Amino acid sequence: MTTIMVEFDGKAFVPDRPVSLPVGTRVAVALPESEAATQTSGSNSAPDDREWQEILCQLQAADPEPGTLEDAMREIRMRP
């Protein structure tokens, strides 16, 4: 395995020298310990606003749950 240095430009990790890899090749980049700890603790964080909006849209698009067992049975009987 070859090790190279990379620089984070705010969007992507840029290698310090040319590499001969096909576009789309996935590689692992080891982060400094302080950054790795921040990333690990952030992985369990709450969804951001965009994610909450997506969840809300999915809930609004879903069929409402029947209120009672009788309502559920009535709905099942009416299905073709």
Side-chain angles (χ1 to χ4, degrees):
M1 175 170 49
T2 302
T3 302
I4 63 167
M5 298 299 295
V6 297
E7 181 178 334
F8 184 63
D9 69 2
K11 290 185 178 183
F13 291 96
V14 180
D16 67 345
R17 60 187 170 89
V19 294
S20 58
L21 294 171
V23 173
T25 300
R26 295 173 60 102
V27 298
V29 175
L31 298 176
E33 192 61 41
S34 62
E35 290 297 317
T38 302
Q39 294 297 322
T40 302
S41 64
S43 64
N44 294 329
S45 64
D48 63 19
D49 288 341
R50 181 187 49 78
E51 291 171 313
W52 280 120
Q53 289 299 323
E54 184 177 327
I55 292 168
L56 181 59
C57 288
Q58 290 174 359
L59 288 172
Q60 290 171 338
D63 291 333
E65 294 292 323
T68 64
L69 177 59
E70 290 79 20
D71 292 339
M73 296 300 290
R74 190 177 314 110
E75 185 178 317
I76 290 170
R77 289 185 190 115
M78 291 200 269
R79 290 182 186 166

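These numbers were taken from a predicted model, which means no experiment stands behind them.
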Which residues share a side chain to side chain contact (heavy atoms under 4.5 Å, CB included) with [X], sequence neighbours left out:
X: Arg50; answer: Asp48, Glu54
X: Phe13; answer: Val6, Phe8, Val29, Leu31
X: Ser20; answer: none
X: Glu7; answer: none

d(Thr68 OG1, Arg74 CZ) to nearest 0.5 Å is 6.5 Å
When rounded to the nearest 0.5 Å, the distance separating CD1 of Ile76 from CG of Asp71 is 11.0 Å
Minimal heavy-atom distance between Lys11 and Asp9, with the atoms involved, is N-OD1, 2.9 Å
Correct closest heavy-atom pair for Thr3 and Arg17 would be O-NH2, 3.9 Å
Apart from Met73 itself, its cluster of hydrophobic side chains linked below 4.5 Å comprises Leu69
Next item on the list: Establish whether Val19 and Val14 are linked, either directly or via other cluster members, by ILVMFWY side-chain heavy-atom contacts under 4.5 Å.
Entry: no
